[in-house]
> 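Can you keep this structure in mind? I'll have questions shortly.
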Amino acid sequence: MNILDEKFAEFQKLPTEERIECFEKDNRLFDMIRSQQLNREIINDIFDITNHLRRISKDKSGSIFMQNILCHKRAMLWFTQPSSRTFLSFESACHMLGIKTSEIRDARVSSEIKGESFDDSLRTFSSYTDLIIMRHKGENVAERAAWLLNTHAKRPIPVINGGSGSDQHPTQAILDVYTLQRSFEEQGGLDGKTILMCGDLKRGRTVRSLSYLMKNFEDIKIIYAAPRAFQMRDDVCGFLERHDIPYVFETEALGNVLPEADAIYMTRIQDEHDTISGESDKIDTSGFRLGPSDMSKIKSTAIIMHPFPRRDEIDVAIDADPRAMYWRQERNGMWTRAALIAYIFDVHDEILNY
Ligand code: NCD
């Protein structure tokens with residue numbers, strides 16, 4: 001352990017509420033590391049910017065206007081864990097705002113292979129860029145990057161977490177909530193709705209980040225449907241209890257709880273996190289898939305979501321059902337990520353006033 005390891009270990013012992021203060025600057029969101037950083041005001045602002053961005057970029061003059069907004073900035077996409085859609089949506093979001101991007105997608109081509117520490121690589125990269133967007137298999141790596149730059153770098157730059165191990169994926173949660181709010185626009189928004197999350201809840205960072213974000217909405221109920229081995233972890237459940245958000249576990253079959261749900265959020269089994277190869281295959285997940293015969297059990301106003309990639313959790317025959325929202329959900333990623341970046345750089349008034 002070097003001195004930075006020791007200091008970071010101390011930092012990690014702090015309660016989350018204190019830790020996330022490190023990711024603010026002048027009382028504003030600076031880094032986006034954990035969903036717990038977001039409040040309703042920030043969420044509403046980001047959604048407002050998102051709606052404007054969508055409208056403005058419909059024509060050429062609007063697109064040209066947007067490409068000037070952050071044309072003086074550079075972003076680095078540091079994605080050393082497999083990604084196509086999140087990577088592309090971030091890259092497109094940057095380009096929409098005129099930000100120039102560079103990328104590292106394979107740790108084997110960086111000096112980490114020569115024995116350089118993560119901290120030194122980070123400091124090097126941060127001197128070439130104005131924003132780091134990071135996906136990493138380690139749970140705390142994006143957090144460490146933001147902490148290190150904010151506390152030890154002469155020129156701190158924002159870090160956005162594009163997925164950290166099995167822990168968090170806050171920008172996915174933002175696009176998920178945006179999709180929920182829009183889908184329920186005529187039913188009073190997300191407040192008062194029952195959200196069913198199904199699949200690998202234990203190791204799925206999307207459902208974890210989405211659960212944390214629910215603290216910002218009124219009268220939400222959560223149903224976690226998964227075999228016991230894949231049920232939601234205690235840290236998230238404890239958070240829900242502290243915020244008076246009721247949740248129940250369904251461990252037998254998804255079909256038992258489908259009629260109650262306003263949104264059904266399906267996820268794949270995250271077997272890349274298996275500690276013993278093949279251990280996930282031993283768990284029977286057959287009761288936690290959505291097929292055409294389930295559709296009659298689902299409310300006519302409900303929506304079906306998935307962060308993708310999917311395997312066999314949702315039968316492709318369902319794709320044509322108007323309640324299948326996952327393709328639209330995916331498209332929302334680019335818009336909400338562009339809005340978040342504009343918000344972090346504090347240039348959103350230009351967009352809102354266009
Ligand atoms: C998710 C992820 O990487 O956590 N995908 C995504 O970013 N849209 C979900 C998954 O991999 O299952």
Side-chain angles (χ1 to χ4, degrees), residues 32-35 77-94 103 105-107 133-143 159-180 195-213 224-227 229-233 235-236 254 263-274 280-281 283 285 288-290 303-314 316 319 324-338 340-341:
M32 181 72 266
I33 304 298
R34 312 191 155 271
S35 284
L77 291 131
W78 191 354
F79 274 54
T80 53
Q81 218 192 4
S83 177
S84 42
R85 95 206 70 239
T86 305
F87 179 87
L88 275 179
S89 82
F90 266 119
E91 188 179 52
S92 307
C94 287
E103 60 185 68
R105 303 208 59 180
D106 185 348
I133 303 165
M134 175 178 266
R135 168 171 286 200
H136 200 284
K137 68 176 188 320
E139 299 219 334
N140 303 316
V141 179
E143 177 161 280
V159 176
I160 297 179
N161 178 2
S164 49
S166 60
D167 184 27
Q168 284 247 2
H169 195 352
T171 64
Q172 177 73 41
I174 294 173
L175 79 92
D176 291 340
V177 167
Y178 179 77
T179 306
L180 286 159
I195 315 297
L196 163 58
M197 302 187 205
C198 176
D200 192 340
L201 309 175
K202 184 178 174 195
R203 303 172 298 183
R205 53 194 175 195
T206 62
V207 280
R208 289 171 54 77
S209 283
L210 183 59
S211 299
Y212 285 125
L213 218 46
Y224 289 130
F230 292 139
Q231 263 301 349
M232 186 52 86
R233 284 187 249 165
D235 54 351
V236 171
L254 174 62
I264 299 148
Y265 193 102
M266 302 296 293
T267 62
R268 73 176 171 90
I269 301 305
Q270 313 277 315
D271 46 15
E272 67 271 36
H273 298 298
D274 280 1
S280 292
D281 298 339
I283 314 280
T285 53
F288 297 91
R289 292 184 196 134
L290 209 55
I303 61 165
I304 302 163
M305 299 171 73
H306 197 304
F308 280 169
R310 89 172 131 183
R311 290 179 182 164
D312 54 3
E313 318 74 54
I314 302 181
V316 292
D319 292 7
M325 202 52 67
Y326 25 92
W327 297 109
R328 230 176 289 171
Q329 174 190 0
E330 200 171 44
R331 264 199 307 283
N332 289 338
M334 178 180 72
W335 302 112
T336 49
R337 286 176 173 128
L340 172 70
I341 294 169

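All ligand and atom numbering here is 1-based and tracks the order in the structure. Predicted, not measured: the structure shown is a model, and the values here were computed from it.
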> Report the residue from Asp271, Thr285, Asp274 that forms a side chain to side chain donor-acceptor pair (under 3.5 Å) with Ser280.
Asp274

> To which protein heavy atom is atom 5 (N) of ligand 1 closest, and what is the distance rounded to 0.1 Å?
Phe308 O, 2.9 Å

> As a quick check of understanding, evaluate side-chain hydrogen bond (donor to acceptor under 3.5 Å, both in side chains) for Thr267 and Arg205, giving each step before the final call.
CA-CA 10 Å; Thr267 62; Arg205 53 194 175 195; over 6 Å; no

> Identify the protein heavy atom lying closest to atom 3 (O) of ligand 1, giving its residue, its atom name and the separation to 0.1 Å.
Arg205 NH2, 2.9 Å

> So for ligand 1, is His169 a polar contact partner (N or O within less than 3.5 Å, distance only)?
yes

> When Ser166 is tested against each of Arg208, Lys202, Glu139, Lys137 for side chain to side chain donor-acceptor pair (under 3.5 Å), which residue passes?
Glu139

> His169 vs Arg135, test: side-chain hydrogen bond (donor to acceptor under 3.5 Å, both in side chains). Steps then yes/no.
CA-CA 9 Å; His169 195 352; Arg135 168 171 286 200; 3.2 Å; yes

> Would you say Pro309 touches ligand 1, if touching means a heavy atom closer than 4.0 Å?
yes

> Is Arg268 salt-bridged to Asp200, cutoff N-O under 4.0 Å?
no

> Does ligand 1 have any atom sitting under 4.0 Å from a heavy atom of Gln270?
yes

> Answer with yes or no after comparing the ring centroid distance for Phe308 and Trp327 against a 6.0 Å cut-off, counting only values under it.
yes

> How close does the nearest protein non-hydrogen atom get to atom 8 (N) of ligand 1, and which residue and atom is it?
Pro307 O, 2.9 Å

> Taking non-hydrogen atoms only, is Arg135 closer than 4.0 angstrom to ligand 1 via side chain, backbone, both or neither?
side chain

> So which heavy atom in the protein is nearest atom 11 (O) of ligand 1, and how far is it from that ligand atom?
Arg268 NH2, 2.9 Å

> Can you sort out which atoms of ligand 1 are near Thr86, meaning under 4.0 Å from one of its heavy atoms?
6 (C), 7 (O), 8 (N)

> Looking at ligand 1, would Thr267 count as a contact under a 4.0 Å heavy-atom criterion?
no

> Inspect the contact between Asp319 and Arg310 and indicate whether a charged nitrogen and a carboxylate oxygen are less than 4.0 angstrom apart.
yes

> Could you tell me, atom by atom, which parts of ligand 1 come under 4.0 Å of a heavy atom of Gln172?
6 (C), 7 (O), 8 (N)

> Between Arg203 and Glu272, does any NZ, NE, NH1 or NH2 come within less than 4.0 Å of an OD or OE carboxylate oxygen?
no

